[in-house]
Amino acid sequence: MDTRHLIILAAVAVVLTGAVVALGVMENRQEVTLKEGSYLLQGFNPEKVYGIYIKQGDESLTFKRLDERFILTGKYDYPVSNDQINRIVKAIADIRCAEKVTSDERNHGALGVVAEKGSLVVRFFNESGQKMTGMVIGRDRPGFPGFYARLEDDKQVYLSTDALPVVSTNYVDYIRRDLPPGRKSDYVRISCKNGAGAFALDLREGKPALEDVPKKQRQNDGAITEVLKTLQQFPVRNIHRKGDLAALSYPTRLDFQRKDGTVYRIELAEKDGRYFARTVAVMDEASTSPKGEAAVGDKGKEALQLARDSVGAFNRDHEPWVYEIDAAYARAAQRSQKDLLE
């Protein structure tokens with residue numbers, strides 16, 4: 001998802017939840033009486049969120065807004081997807097009250113809403129670093145879809161109307177997996193070069209076609225489908241700073257070419273049985289040559305500029321990193337032309 005759309009997305013989430021009151025944010029909140037179906041967060045404005053803290057047990061994560069994106073502090077300031085940030089905000093902002101349960105702190109432990117004892121805690125902060133609000137998520141009620149929850153600074157516990165979408169405290173779950181980015185249908189060609197040779201798949205007709213099939217031979221549709229499915233899903237295990245793995249060599253290269261002339265390149269390395277990937281986006285030479293630009297006209301030039309912008313944004317977010325990936329992805333990229341023939 002384009003990081004430039006963060007504010008727009010936050011506003012959309014507000015409209016969807018109906019949880020916004022035009023005035024102010026939670027630090028200036030007045031006491032309200034929640035009725036059945038009311039949102040627990042009254043007066044919460046996602047556009048004001050500049051920081052998020054999540055904690056459960058011994059695991060905690062902190063996200064801070066930097067320009068138009070959020071970074072994961074404490075893990076190299078890795079830029080997470082705004083999709084993931086909006087899911088957190090929406091999950092908490094959408095919590096509705098089914099019923100009031102108790103305001104007696106002696107019952108908090110039994111309901112799982114004691115912040116220091118393994119409950120999920122989510123806090124939101126404004127631009128100046130002040131806490132806007134915090135939510136403590138407790139146990140599920142048996143036989144009911146909802147869970148127990150309370151505002152962090154309030155003793156009153158509520159039962160929610162619905163289950164909570166997963167809010168993870170594992171940083172690996174926030175590593176971006178949009179590689180290659182966008183819809184699968186946006187891609188027209190995948191090429192691969194490795195130690196075993198090279199192969200290329202033409203995707204323009206909807207069904208992948210192996211290029212340069214020798215006469216009297218046919219492509220193996222099953223093998224091609226399996227390889228394509230694997231290569232279109234990026235199985236990330238961890239992230240590393242590129243400078244920390246500078247000695248790696250990358251003999252395998254995958255190029256994913258889109259209709260708009262952009263090419264997303266993934267290069268693969270192996271060390272001690274572990275597999276790594278680095279990635280970069282470039283513009284296809286044919287589309288950016290003077291002849292190619294002249295042929296597309298003014299509308300086409302606008303589209304080319306958008307494509308260049310997307311390349312720049314992608315490289316800004318991904319160039320500093322090396323991704324540790326599953327072995328299955330590396331094995332698929334090691335296939336040769338003959339492996340894809342009957």
Where does the angle between the aromatic ring planes of Tyr187 and Tyr264 fall among parallel (under 30°), tilted (30 to 60°) and perpendicular (over 60°)? perpendicular
What's the shortest heavy-atom distance between Leu254 and Ala333, and which atoms? CD1-CB, 4.0 Å
What are the two closest non-hydrogen atoms of Asn126 and Met132, and how far apart are they? N-CG, 3.6 Å
Indicate yes or no for a side-chain donor-acceptor contact from [X] to the backbone of [Y] under 3.5 Å, with no hydrogens or angles considered.
| X | Y | answer |
| --- | --- | --- |
| Asn82 | Glu68 | yes |
| Gln84 | Ser81 | yes |
| Asn86 | Asp83 | no |
| Glu270 | Gly273 | yes |
| Lys229 | Ile224 | no |
| Lys193 | Thr252 | no |
| Thr62 | Tyr53 | no |
| Asp326 | Ala328 | no |
| Asp140 | Pro142 | no |
| Thr161 | Cys97 | no |

Pairwise side-chain contact, [X] with [Y], heavy-atom cut-off 4.5 Å (strictly under):
| X | Y | result |
| --- | --- | --- |
| Thr169 | Lys55 | no |
| Leu179 | Phe314 | yes |
| Val121 | Ile54 | no |
| Glu342 | Gln219 | no |
| Glu211 | Leu201 | no |
| Leu341 | Pro214 | yes |
| Phe70 | Pro79 | no |
| Leu268 | Tyr250 | no |

Are [X] and [Y] close enough that a side-chain donor and a side-chain acceptor fall under 3.5 Å?
| X | Y | answer |
| --- | --- | --- |
| Tyr171 | Asn238 | yes |
| Asp173 | Ser168 | yes |
| Gln337 | Asp339 | no |
| Gln56 | Ser119 | no |
| Asp260 | Thr262 | yes |

Give a yes or no on this: more than 12 heavy atoms of other residues, nucleotides or ligands lie within 6.0 Å of atom CG of Asn170. yes
Just wondering, more than 12 heavy atoms not from Lys242 lying within 6.0 Å of its NZ? yes
Regarding [X] and [Y], does a basic nitrogen lie under 4.0 Å from an acidic carboxylate oxygen?
| X | Y | result |
| --- | --- | --- |
| Arg123 | Glu152 | yes |
| Glu319 | Arg278 | no |
| Asp154 | Arg150 | no |
| Asp162 | Arg96 | no |

If hydrophobic clusters are built from ILVMFWY residues whose side chains come within less than 4.5 Å, do [X] and [Y] share one?
| X | Y | value |
| --- | --- | --- |
| Leu41 | Val167 | yes |
| Leu66 | Ile85 | no |
| Leu245 | Tyr323 | no |
| Leu72 | Tyr76 | yes |
| Val157 | Val136 | yes |

Please determine whether side-chain contact (heavy atoms from CB on, under 4.5 Å) holds for the pair Ile52 and Val89, giving the CA-CA distance in whole Å, both sets of side-chain angles, and the decisive distance to 0.1 Å. CA-CA 9 Å; Ile52 301 174; Val89 173; 4.1 Å; yes
Distance from [X] atom [atom1] to [Y] atom [atom2], nearest 0.5 Å?
| X | Y | atom1 | atom2 | value |
| --- | --- | --- | --- | --- |
| Tyr78 | His318 | OH | NE2 | 6.0 Å |
| Leu340 | Asp221 | CG | CG | 10.5 Å |
| Arg189 | Arg204 | CZ | CZ | 9.0 Å |
| His240 | Lys75 | NE2 | NZ | 7.5 Å |
| Leu40 | Gln156 | CG | CD | 9.5 Å |
| Ile137 | Leu120 | CD1 | CG | 5.5 Å |

Given Arg253 and Glu267, is the salt bridge (Lys or Arg N to Asp or Glu O under 4.0 Å) satisfied, shown in steps? CA-CA 4 Å; Arg253 190 179 86 182; Glu267 296 175 316; 5.4 Å; no
How far apart are the C-alpha atoms of Leu203 and Leu228, what are their side-chain angles, what is the distance that settles it, and do they pass the side-chain contact (heavy atoms from CB on, under 4.5 Å) test? CA-CA 10 Å; Leu203 308 177; Leu228 183 61; 4.2 Å; yes
Compute the ring centroids of Phe63 and Tyr174, then answer whether they are less than 6.0 Å apart. yes
How about Tyr158 and Tyr148: are their ring centroids closer than 6.0 Å? no
Could you walk me through whether Arg69 and Asp317 pass the salt bridge (Lys or Arg N to Asp or Glu O under 4.0 Å) check? CA-CA 10 Å; Arg69 55 185 178 160; Asp317 288 346; 2.4 Å; yes
Audit row: Thr279, Arg265, side-chain contact (heavy atoms from CB on, under 4.5 Å) steps and yes/no: CA-CA 5 Å; Thr279 184; Arg265 180 167 297 158; 5.6 Å; no
After noting the C-alpha distance and the side-chain angles of Glu127 and Lys64, does the key distance pass the salt bridge (Lys or Arg N to Asp or Glu O under 4.0 Å) rule? CA-CA 9 Å; Glu127 190 172 7; Lys64 288 187 177 180; over 6 Å; no
Going through the distances and angles, do Ile92 and Phe44 end up as a side-chain contact (heavy atoms from CB on, under 4.5 Å)? CA-CA 10 Å; Ile92 302 303; Phe44 177 68; over 6 Å; no
For the pair Asp255 and Gln257, evaluate side chain to side chain donor-acceptor pair (under 3.5 Å) and give the outcome as yes or no after the intermediate values. CA-CA 6 Å; Asp255 281 354; Gln257 185 173 344; over 6 Å; no
Checking ring pair (Phe, Tyr, Trp, His ring centres under 6.0 Å) against Tyr329, which of Tyr275, Phe276, Phe234 comes through? Phe234
Test salt bridge (Lys or Arg N to Asp or Glu O under 4.0 Å) applied to Lys155 and Asp104, step by step: CA-CA 7 Å; Lys155 298 176 184 179; Asp104 189 337; over 6 Å; no
